[in-house]
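Here is how names work: the chains are called A, B, and so on, in the same order as the sequence lines, proteins then strands, and each is numbered from 1. All heavy atoms count here, side chains included; hydrogens, waters and symmetry mates do not.
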Amino acid sequence: MQVELVYNVIHTQTITGRLKAGEDGAVTVFDGIVRNNTKGRQTLYLDYTAHKSMALQQMQTLADDAVARFGVRDVAMVHRLGRLEVGETSILIAVASAHRGVTFDACRWLIDTLKKQVPIWKQEFFVDGAVWAPGEPFPAELQADSPFSQR
Amino acid sequence: MQVELVYNVIHTQTITGRLKAGEDGAVTVFDGIVRNNTKGRQTLYLDYTAHKSMALQQMQTLADDAVARFGVRDVAMVHRLGRLEVGETSILIAVASAHRGVTFDACRWLIDTLKKQVPIWKQEFFVDGAVWAPGEPFPAELQADSPFSQR
Amino acid sequence: MRLRVLFFGVLRDRFSAEERLEQFPGRTVADLLGYYRAVAPELGTLWGTLAVAVNQQYAAGNVELKQDDEVALLPPVSGGAPCVRNHAG
Amino acid sequence: MRLRVLFFGVLRDRFSAEERLEQFPGRTVADLLGYYRAVAPELGTLWGTLAVAVNQQYAAGNVELKQDDEVALLPPVSGGAPCVRNHAG
């Protein structure tokens, strides 16, 4: 199970090549890439930062959960940090298993869940300034002052 | 839109690299690979044959339909024919668009539909003989003697 | 009429890849299926599962054939990812 | 008590990445949020959207802090694929 935060280019083929095993019949890969615009505003580049130790722990937990929930054989999840140019891969999630249905389900669950709870932030640089991407609201049970979070 | 039947190794990274454009934020890739067994019987290699001109037409139609139905930006679909070893890619489907939800939906629809109606057949070679894979039943409207097919 | 008939998949174990039928006595796709079913009745239930393509288009049983049509007899297809039929994948 | 406080995302525009709080007067995660909210009330509604991690674990408002805890203030996260919030993707 490859779970990593990296500062250099993500090599899809290396990661999926390492992931595949003889009993696999399907690999579904999600490749998240830096778009050239956000709501029509032209992007120059992005800068990703993370609470690294926590983000890695969270990603490892998600990978374990995906195997347990969907019964897939193995998962690779690599997120890039630092400055990324348009067209570069910010995240690669690959899921391998004997049958394809679960690889689609697990891959989609992983990216959807990562986007809600793994502590990584994106700053977008445009020709006319920079903004922190607004982010997805935390699930109620993770929010610090939520009435649902009285654990 | 890259739609191809090939006899050599499928290079995922080349195909997805060519597919990506600046406005894309997501690429979902399905990589179908030769398993080392079928129902526990050890596979030596596979041999794929096709009704080539018809298969290409069908694949092109599916790619066009995926763009129309799901609103994705572009699709690549490459199927390999001939002899394939365990671990090699038999089919690669990649779907690129600004947002990820539709890339998952379109990619899954493409592989599910391809498996039902694109005229390609697989012969499996085991240590103790060869069999033609049973295949998925045709949708009723494609079957020649179906009562639903009186077009 | 004269037809070019193509055989695929498991049909290749019984027929050649391509056959020129110089004097086909029937009229429709269903007639052609009946003709070959009579030639190889030992293929049994396979005959009920076939699709037929006329000039690279799927064709129903009542489609009329024309001189020099290419007719392909297609067993259930098995391209794509290597999944077995009775699995969720 | 003494705490190590980490700031992320948009909070970095207002605070440094890390701050050592030598004499935190409160007791819980909610107290700490209240403390910083009083320092930077101009951040407004952002305060209501934060999550807090204590020693790398998400923690609710009523969690008690201990000497030398690492407490991270986390705005809504935006890692992964570059999708905007109000889209289907």
Under 4.5 Å, counting heavy-atom pairs only, tell me which of B:Asp112, B:Thr16, B:Thr103, B:Val86 racks up the most with chain A.
B:Asp112
Salt bridge or not for A:Asp31 and B:Arg100, using N-O below 4.0 Å?
no
Residues A:Ile33 and B:Val27: closest non-hydrogen pair is CD1-CG2, 3.8 Å
Evaluate the side-chain proximity of B:Thr28 to A:Val29: yes if any heavy-atom separation is below 4.5 Å, no if none is.
no
Answer yes or no: are there more than 12 heavy-atom neighbours, outside B:Gln60 itself, under 6.0 Å from its atom CD?
yes
So, the part of B:Thr43 with a heavy atom under 4.5 Å from chain A: the answer is neither
Greater than 12 external heavy atoms within 6.0 Å of B:Gln13's CD:
yes
Going by heavy atoms in the side chains, are B:Arg35 and A:His99 under 4.5 Å from each other?
yes
How close do A:Arg108 and B:Asp105 get, heavy atom to heavy atom, and via which atoms?
NH1-OD1, 2.7 Å
Among A:Cys107, A:Gly17, A:Gly87, single out the residue with the greatest number of heavy-atom pairs under 4.5 Å to chain B.
A:Cys107
Just how far is it from atom CG of A:Asn36 to atom CD of B:Glu23, taken to the nearest 0.5 Å?
6.0 Å
What option among B:Thr89, B:Ile93, B:Thr12 has the most heavy-atom pairs under 4.5 Å with chain A?
B:Thr12
Is the count of non-hydrogen atoms from other residues, nucleotides or ligands lying under 6.0 Å from A:Asp128 atom CG greater than 12?
yes
Among the options A:Ala21, A:Ala96, A:Ala94, A:Gly22, pick out the one with the most heavy-atom pairs lying under 4.5 Å from chain B.
A:Gly22
